[in-house]
Amino acid sequence: MSGRLLERVWKRQRQSRDWLVAQALFAMLAVLRRFPARKGLAFADRLARWIGPKTSRHRIAIENLTLAYPEKSAAEIEDIARRNWGQMGRIAAEYVFLDEIFDFDPAREPGTGMVEVEGIDLFLRLRDNPKPIIFFTAHLGSFELLPICAATFGLNLTALFRQPNNRYIARKVLSARRTRGGHLVPSKAGAAWALAGTLEAGGNVGMLVDQKFKRGEPTTFFGRPCRTNPLVPKLARKFDCDIHPARCVRLPGGRYRLSLEPRLELKRSANGEIDVAASCQQLNDVVERWVQENPDQWMWFHRRWQV
């Protein structure tokens with residue numbers, strides 16, 4: 001059998017496998033739609049805690065947690081990893097319940113409803129500021145709620161995102177997020193130009209900054225070498241943007257807290273320009289602080305430290 005024929009056979013097998021995985025996920029989500037939000041999310045949490053540790057990704061999560069927390073015992077690492085799988089189950093299920101989950105109402109008594117927001121005054125100030133803004137976050141908690149929250153305050157944004165490797169799931173995810181989270185730009189060739197165009201027109205951009213980037217700036221995360229995408233500081237330098245960290249963490253009782261933090265003052269070189277390498281490290285430091293506060297809510301099963 002020729003190499004070209006083998007490649008075609010392998011490609012078809014992969015497509016068949018991806019289709020089956022996608023159909024299984026869609027079927028599970030269809031079942032979840034029959035539940036109230038809190039019960040559906042709790043069920044997804046329990047199911048993911050059962051399935052996740054049986055996959056090869058669990059080993060990666062254990063390895064990464066051990067690197068980040070060498071002082072923790074094997075039992076503590078295993079506990080964080082299993083709770084992390086529960087968080088991943090909730091992320092998948094939250095697509096079903098986005099409209100029901102995001103019930104934020106500024107007129108409501110604090111502590112009621114499923115969502116609370118820190119930084120309301122800052123959201124309102126940014127809404128009335130004509131300067132373009134770059135919001136950055138991490139694969140932490142329910143990060144999908146952040147664009148919805150921004151839109152609630154009149155801050156529509158263009159979000160850069162990495163599509164799932166499974167094209168059938170990617171298509172479904174993109175469809176769901178288009179209707180709820182504003183305009184989306186898949187992370188591929190040409191994405192930087194699309195974001196630059198948005199900022200040049202005075203629009204706002206949202207980005208995840210915590211994934212491996214082979215051509216990125218040398219930085220550290222939890223004290224270990226890694227490479228970080230320099231796009232945020234490069235865009236900030238070119239378009240004189242303010243940079244704001246934002247995150248959404250899960251709280252006990254099935255609730256959420258969305259937090260918008262004050263402007264991050266990026267490091268500058270002797271000539272006054274934004275120092276891209278130093279700024280990339282600042283982004284990592286913010287994400288590390290978030291992860292330290294909620295270690296079970298960050299995605300541990302991707303290889304962040306590969307350089």
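Not measured: the values here are computed from a predicted model.
Within 6.0 Å of CZ on Arg263 lie no more than 12 heavy atoms contributed by other residues, nucleotides or ligands. No more than 12 heavy-atom neighbours from other residues, nucleotides or ligands sit within 6.0 angstrom of CD on Glu200. The environment of NZ in Lys131 is crowded: more than 12 heavy-atom neighbours from other residues, nucleotides or ligands sit within 6.0 Å. Counting non-hydrogen atoms of other residues, nucleotides and ligands closer than 6.0 Å to NZ of Lys72 gives a total above 12.
Taking the side chain as every heavy atom from C-beta outward, Phe97 and Leu41 approach each other to under 4.5 Å. A 4.5 Å side-chain heavy-atom check between Ile274 and Lys267 finds every atom pair outside the cut-off. Taking 4.5 Å as the limit, every side-chain heavy atom of Thr198 sits out of range of all side-chain heavy atoms of Asn204. Between Phe104 and Leu258 the shortest side-chain heavy-atom distance does not fall below 4.5 Å. Counting heavy atoms from C-beta outward, Met88 and Phe301 have side chains that approach closer than 4.5 Å. Using a 4.5 Å heavy-atom threshold, the side chains of Leu195 and Leu231 count as touching. Looking at heavy atoms from C-beta onward, Asp45 lies out of side-chain contact with Trp85 at the 4.5 angstrom threshold. Side-chain contact between Cys280 and Pro233 is present, with at least one heavy-atom pair separated by less than 4.5 Å.
Among His139, Met299, Gln297, the one residue that satisfies the side chain to side chain contact (heavy atoms under 4.5 Å, CB included) test with Gln87 is Gln297.
Side-chain contact check for Glu78 and His58: at least one donor-acceptor pair (N or O, by modelled atom type) lies under 3.5 Å. Between the side chains of Glu63 and Trp305, not a single donor N or O lies within less than 3.5 Å of an accepting N or O. Residues Asn284 and Glu288 bring no donor and acceptor atom of their side chains to less than 3.5 Å of each other. Neither side chain, Gln211 nor Arg304, offers a donor N or O lying under 3.5 Å from an acceptor on the other.
Minimum heavy-atom separation, Ala246 to Trp290: O-CH2, 3.4 Å. When all heavy atoms of Gly216 and Arg227 are compared, the pair lying nearest together is O-NH1, 2.8 Å. Nearest heavy atoms, Arg303 versus Lys212: O-CD, 3.6 Å. Between Ala81 and Ile62 the shortest heavy-atom distance is CB-CD1, 3.7 Å.
The OG1 atom of Thr219 lies 12.0 Å from the CD atom of Gln282; values are rounded to the nearest 0.5 Å. Here the CZ atom belonging to Arg255 is positioned 13.0 Å from the CD1 atom belonging to Ile101, to the nearest 0.5 angstrom. The OG atom of Ser142 sits 11.0 Å away from the CG atom of Leu251 when rounded to the nearest 0.5 Å. If you take CG on Asn64 and CD1 on Ile77, they are separated by 10.0 Å, rounding to the nearest 0.5 Å. Here the CG atom belonging to Leu145 is positioned 14.0 Å from the CZ atom belonging to Arg257, to the nearest 0.5 angstrom. Considering CG of Leu146 and CD of Glu144, their distance stands at 9.0 Å, rounded to 0.5 Å.
Arg57 places no side-chain N or O within donor-acceptor distance of the main-chain N or O of Gly52, the cut-off being under 3.5 Å. Between the His244 side chain and the Phe135 main chain, no donor and acceptor come within less than 3.5 Å of each other.
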| Check against salt bridge (Lys or Arg N to Asp or Glu O under 4.0 Å), Glu273 and Lys238 | CA-CA 10 Å; Glu273 283 194 336; Lys238 182 173 178 60; over 6 Å; no
| message | Please determine whether salt bridge (Lys or Arg N to Asp or Glu O under 4.0 Å) holds for the pair Asp296 and Arg83, giving the CA-CA distance in whole Å, both sets of side-chain angles, and the decisive distance to 0.1 Å. | response | CA-CA 6 Å; Asp296 62 319; Arg83 285 189 282 125; 3.3 Å; yes
| field | Steps toward salt bridge (Lys or Arg N to Asp or Glu O under 4.0 Å) verdict (Arg250, Glu94) | value | CA-CA 12 Å; Arg250 295 186 180 87; Glu94 281 162 354; 2.9 Å; yes
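Ring centroids of Trp298 and Phe221 are separated by less than 6.0 Å, placing the two rings close together.
By the 30° and 60° cut-offs, the orientation of the rings of Phe153 relative to Phe123 is parallel.
Partners of Gln292 under the side-chain hydrogen bond (donor to acceptor under 3.5 Å, both in side chains) rule, at least two apart in sequence or in another chain, are Tyr69.
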